[in-house]
There are 2 protein chains.
Amino acid sequence: MLTEPISLPVRGDADVDLDLHFILSDIVQLSGRVTRLAHRVTQGPEGPATWRTLAVLQQSGPMRLGELAAMSQVAQPTMTKIVAGLVEREWVKRIADADDARAWQIGLSAKGILKLTEWRANLATALMPLFEDLTEDDRRTVRTAIDILRPRIDLGTTAIPVAGKD
Amino acid sequence: MLTEPISLPVRGDADVDLDLHFILSDIVQLSGRVTRLAHRVTQGPEGPATWRTLAVLQQSGPMRLGELAAMSQVAQPTMTKIVAGLVEREWVKRIADADDARAWQIGLSAKGILKLTEWRANLATALMPLFEDLTEDDRRTVRTAIDILRPRIDLGTTAIPVAGKD
DNA sequence: TGCGTATATATAGCCTGGCTATATATACTG
DNA sequence: CAGTATATATAGCCAGGCTATATATACGCA
């Protein structure tokens with residue numbers, strides 16, 4: 001290595017480490033690496049967008065394409081593309097909306113549920129070796145952190161202004 | 001909503017929630033949403049790959065393109081593309097490797113450090129409102145979880161077989 | 001009723017960031 | 001110094017982002 005690692009603030013200090021700015025930066029950085037790793041250890045042409053979309057449908061049930069786009073944090077035309085792919089694979093079904101001929105309800109198919117479940121199982125199996133040695137306390141801490149963060153991220157899905165709009 | 005949300009296993013039960021499979025699934029799912037949200041609240045044409053790459057360089061200092069690819073969890077040709085963009089923007093510099101004329105050392109430039117720092121600040125500012133009300137205990141829990149997970153994810157970067165190789 | 005506006009989705013066209021296969025240049029080894 | 005190994009680059013494909021815009025339907029009101 002030619003030079004020392006570059007690092008502006010003094011990390012490793014409890015006060016700094018508990019600063020929300022640093023926590024948020026670290027969460028985002030770690031999340032990026034996790035997402036990348038998850039994609040890499042599972043094969044197949046489906047990218048993160050596909051699984052994210054299916055997960056939303058599983059969590060919240062059938063919904064309109066536009067709602068799905070918002071909840072999946074993509075623009076509507078992007079979701080049109082993703083759904084087109086999912087329909088072709090028969091992992092979701094389009095149900096005509098009885099009240100509004102412009103809209104569809106998009107819902108998971110049995111096949112879609114199966115594929116999502118399979119993917120998650122593969123993922124967990126692949127990552128398991130890295131985490132097998134977590135103590136019960138560690139697992140509890142991680143679980144708690146997830147439960148703290150998740151509702152706030154969900155909020156971000158609807159409550160945060162998206163850059164480049166308005 | 002036409003039907004009930006679909007959910008196969010019985011979540012909300014402590015035994016199930018502490019099962020490593022579910023923790024891992026939840027981490028990956030949450031990470032995907034965080035990554036997406038982070039990208040969305042920061043504008044500019046740079047995608048997650050760019051910031052991930054810069055972050056690796058900041059954390060570990062200058063290194064060869066191939067190493068950088070491995071640590072950033074992408075294939076070498078992908079990193080060639082990313083680095084080409086970064087060089088054009090002058091956010092990194094290529095330093096000829098004295099020992100090996102085939103290789104370069106890739107290092108952050110002052111401009112690169114600045115841009116990365118700016119991006120992180122923007123990000124933290126944008127996400128802050130969602131997390132301002134975290135208690136000190138919550139922050140401590142999240143910080144601890146990050147510190148538990150990070151080294152294991154780093155390990156995954158080198159120690160986990162990538163799907164589709166060998 | 002029918003016109004004008006609003007809204008839901010689709011299309012077009014562009015960009016980044018992934019990949020595999022392969023080329024090229026340099027290094028290493030017998 | 002020939003032959004193999006290795007570091008990066010190139011080519012060419014695909015998914016998944018975006019904005020701008022088209023199309024079809026819904027809605028509000030004179």
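Chain identifiers are assigned alphabetically (A, B, ...) following the order of the sequence lines, protein sequences preceding nucleic acid strands; residue numbering begins at 1 within each chain. Just so we're clear, the structure is a prediction, and the values are computed from it rather than from any experiment.
Taking the salt bridge (Lys or Arg N to Asp or Glu O under 4.0 Å) definition, one finds that B:Arg33 meets it with A:Asp154, sequence neighbours left out. With sequence neighbours left out, A:Arg139 forms a salt bridge (Lys or Arg N to Asp or Glu O under 4.0 Å) with A:Glu136. Scanning for salt bridge (Lys or Arg N to Asp or Glu O under 4.0 Å) contacts around B:Asp100 gives B:Arg64, B:Arg102, with sequence neighbours left out. Scored by the salt bridge (Lys or Arg N to Asp or Glu O under 4.0 Å) test, A:Lys111 finds A:Glu90 as partners (sequence neighbours excluded).
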*Please walk me through it: do A:Arg89 and A:Glu46 pass salt bridge (charged side-chain N to carboxylate O under 4.0 Å, His left out)?*
CA-CA 11 Å; A:Arg89 277 166 235 237; A:Glu46 296 81 20; 2.6 Å; yes
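Distance A:Met79 CE to C:dA10 P: 12 Å, rounded to the nearest Å. The nearest whole Å value for the distance from the NE2 atom in A:His39 to the C1' atom in C:dC19 is 9 Å. Note: CH2 (A:Trp91) to C1' (D:dA15) measures 13 Å, nearest angstrom. Protein atom CD1 of A:Ile82 is 15 Å distant from nucleotide atom C1' of C:dA10, rounded to whole Å. Between the CD atom of A:Gln43 and the C1' atom of C:dT20 there is a distance of 15 Å, given to the nearest Å. To the nearest angstrom, C1' of D:dG16 lies 9 Å from CZ of B:Arg36. One atom, CG of A:Leu86, and another, C1' of C:dA10, lie 16 Å apart when rounded to the nearest Å.
Here the CG atom belonging to B:Leu30 is positioned 9.0 Å from the OG1 atom belonging to A:Thr35, to the nearest 0.5 angstrom.
A heavy-atom distance below 4.5 Å is found between the side chains of B:Arg120 and B:Gln58. Counting heavy atoms from C-beta on, the side chains of B:Arg52 and B:Val74 come closer than 4.5 Å.
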Interface polar pairs with nucleotides 11-16 of chain C, N/O, under 3.5 angstrom:
none

Can you tabulate the close N/O pairs, meaning under 3.5 Å, that link protein atoms to atoms of nucleotides 2-8 of chain C?
| residue | atom | partner | partner atom | Å |
| --- | --- | --- | --- | --- |
| C:dT7 | O2 | A:Arg102 | NH1 | 2.4 |

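Under the 3.5 Å distance criterion, with hydrogens and angles disregarded, a donor-acceptor pair is assigned to the side chains of B:Gln76 and B:Thr80.
OP1 or OP2 of C:dC19 lies within a sub-4.0 Å distance of a side-chain N or O belonging to B:Thr78. Within the structure, a side-chain polar atom (N or O) of B:Arg40 is placed less than 4.0 Å from OP1 or OP2 of D:dC18. Contact between the side-chain N/O atoms of A:Arg52 and the OP1/OP2 oxygens of D:dA15 is not found at any separation under 4.0 Å.
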